[in-house]
Amino acid sequence: MNVAVVGTGYVGLTTGVCLASLNHDVTCVDLSPARVDAINRGETPFHEPGLPELLAHVLSAGRLRAVADVAAAVARCEVVFITVGTPDAESGIDLSFVAAAARDIGKALRTALGYRVVVVKSTVVPGTTDTVVRQALEEASGKRAGEFGLCMNPEFLREGAAVSDFMHPDRIVIGQWDERSGRTLASLYDAFECPKLTTTLRDAEMVKYASNALLATLISYSNEIAAVCEATPGTDVEVVLRGLHLDRRLSPLADGRRIRPGIVDFLWAGSGFGGSCLPKDVNALRAYARTHGLTPHVLDAVVAVNASRPARLVALAEEALGSLRGAEVALLGLAFKAGTDDLRDSPALAAARALVEKGARVRAYDPLIRSAPPGSGLDRLLAVCATPEEALRGADAAVVTTAWPEFAEWNWAELVGLMRRGVIVDGRNALRAVAWPAGVRYLGVGRAPDNGSRGA
């Protein structure tokens, strides 16, 4: 099938490349000529394991190309995806990019011959596809929905595992304007054997928000339990949550063997959630609820708990040092989670801001982020170091904000020797197995301070 994908961010490029690997003919569209050229050279504009190799394969096979011309892409396709961003706004969600993409596609539909299905894959609040998108398409094309197809097909891709998630989905949700729209899109996914739910446009839009809101809620619930454990001597949130995981409703037994579903990965304490999806989507759903006269009590609490966690790490460092004014702090991890270079809404940046406000000087190290990205403002907040030694040399404390696996494999006996004072605040509990040298004060999350020292 011939496919066009408008937008080449995480979702768009991953979708295009993976569909091309399944022998579909794909044209990716981006308004940036520089990004178009980079993709055609086989360069991915972000870090995603496995994507560069797959991109090189489909480019060499001639099954994918990138262009800056929406009309040219629509002219050759049967299905066109909208995968542009839906950033935060005062109203909860900014739909301007989605509306603009729909207008551009509509203009192309005006002269295009034959039936095409427009598929919204961007995350949008319920009622967007059948109002904002449909109206933009109809006004620009001079056609009515039905003359072209219209679907909503939410994505469930995790950064750092997006290729695997696309190729091995746990479900495919197809919201349809009419049966012809849904059938056409469903044929694109014939190769997948996972459950497929065909429903209304608004149900499909809501499925995405309900899914992300649940994941965010699980994380904040775990961090709320961590806060209670931090106030309760003798308790350890890692043990408490491990005991919770053993509930057979979370980790069922099958043929006498324990099955560990991926959902329990969200039931661990840490420094909070971030990234391009959970914060934005929870806020959009909260705003959407309020426009309907509802108070989203649970989601409001989810956001409040999440916002409190970076400050808790800073408080732990301050309590251990006595004061942060003039202190040198090494921030270990900048990305919102391991396996990605995404800084969006990263708890690490919130922790860095709080440290600076307390008077600390911050140096940071992240395996994938070796300099401050242009326009990020990081250079005004902290110094990004090329090595962990550079970040830790002369530091009074180290604060772990991203659970990179290699952090636990470092030679900490040598690294601690570079520090001025041996205070380690582990916001991800990623270093609990480290054998700390004498004199080091290690503070994880979810344990009371008098139960948090090791190696002293």
Side-chain angles (χ1 to χ4, degrees), residues 220 222-238 269-274 304-334 336 345-366 378 380-385 388 391-403 407 412 415-416 418-432 434 436-456:
S220 282
S222 302
N223 284 328
E224 187 85 329
I225 297 300
V228 175
C229 288
E230 288 162 1
T232 308
T235 61
D236 184 337
V237 74
E238 294 275 307
S271 51
F273 58 79
V305 170
N306 195 59
S308 72
R309 294 310 292 172
R312 176 56 182 158
L313 303 188
V314 174
L316 285 173
E318 187 173 37
E319 290 164 10
L321 295 177
S323 172
L324 286 168
R325 186 155 301 280
E328 300 283 345
V329 178
L331 195 69
L332 301 180
L334 286 171
F336 83 94
D345 281 305
S346 174
L349 301 189
R353 293 187 190 97
L355 286 165
V356 171
E357 288 172 1
K358 293 281 187 176
R361 291 185 294 272
V362 182
R363 298 189 300 271
Y365 171 79
D366 187 286
L378 275 183
R380 297 190 299 273
L381 188 64
L382 48 78
V384 181
C385 299
L392 288 163
R393 186 171 285 108
D396 296 290
V399 178
V400 179
T401 43
T402 310
F407 289 178
W412 277 101
L415 291 173
V416 167
L418 299 175
M419 298 176 67
R420 185 161 58 192
R421 300 170 67 181
V423 173
I424 311 292
V425 177
D426 188 356
R428 297 292 185 180
N429 285 339
L431 306 181
R432 284 205 173 196
V434 171
W436 295 103
V440 171
R441 188 172 187 200
Y442 171 82
L443 299 164
V445 295
R447 292 191 290 185
D450 67 348
N451 195 33
S453 300
R454 291 170 56 182

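Each residue takes its place number in the sequence, starting with 1.
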message = Do Asn429 and Val237 have side chains that approach each other closer than 4.5 Å (heavy atoms only, starting at C-beta)?
response = yes
remark   = Output for pair (Leu316 CG, Leu321 CG), nearest 0.5 Å, gives 11.0 Å
inquiry  = Minimum heavy-atom separation for Ala320 and Arg421, please, with both atom names.
reply    = O-NH2, 4.0 Å
ask   = Given side chains that start at C-beta, do those of Ser220 and Phe273 come closer than 4.5 Å, heavy atoms only?
value = yes
task = Report yes if the side chains of Val445 and Glu230 come closer than 4.5 Å at any heavy-atom pair, otherwise no.
result = yes
query = Counting only N and O atoms by type, is there a donor-acceptor contact under 3.5 Å from the side chain of Arg393 to the main-chain atoms of Pro388?
reply = no
ask   = Where do Pro310 and Ala307 come nearest, in terms of heavy atoms and distance?
value = CD-O, 3.7 Å
ask   = Is Asp236 salt-bridged to Arg432, cutoff N-O under 4.0 Å?
value = yes
inquiry  = Testing the 3.5 Å rule here: is there a donor-acceptor pair between the side chains of Arg428 and Ser271?
reply    = yes
Any donor-acceptor pair under 3.5 Å from Arg309 side chain to Gly270 backbone = yes
request  = Measure the shortest side-chain to side-chain distance between Trp412 and Ile424 over non-hydrogen atoms and say whether it is less than 4.5 angstrom.
outcome  = yes
ask   = Nearest heavy-atom pair of Arg363 and Cys385: which atoms, and what distance?
value = CB-SG, 3.8 Å
query = Does any N or O in the side chain of Asn223 come within less than 3.5 Å of the main-chain N or O of Ala269, such that one atom is a donor and the other an acceptor?
reply = no
remark   = side-chain contact (heavy atoms from CB on, under 4.5 Å) filter on Ala315, not counting sequence neighbours, yields Arg312, Glu319
query = Under the side-chain contact (heavy atoms from CB on, under 4.5 Å) criterion, do Val329 and Leu331 qualify, and how do the steps go?
reply = CA-CA 6 Å; Val329 178; Leu331 195 69; 5.5 Å; no
task = Over all heavy atoms of both residues, which pair between Cys229 and Gly446 is shortest? Give the atoms and the distance, please.
result = CB-O, 3.1 Å
request  = List the steps, then state whether side-chain contact (heavy atoms from CB on, under 4.5 Å) holds for Tyr365 with Leu392.
outcome  = CA-CA 9 Å; Tyr365 171 79; Leu392 288 163; over 6 Å; no
message = Are Leu334 and Leu382 packed together at the side-chain level, in the sense that at least one heavy-atom pair is separated by less than 4.5 angstrom?
response = yes
query = Taking 4.0 angstrom as the limit, do Glu328 and Arg420 come out as a salt bridge?
reply = no
message = Are Thr401 and Leu313 packed together at the side-chain level, in the sense that at least one heavy-atom pair is separated by less than 4.5 angstrom?
response = yes
query = What's the shortest heavy-atom distance between Thr402 and Phe407, and which atoms?
reply = O-CE1, 3.3 Å
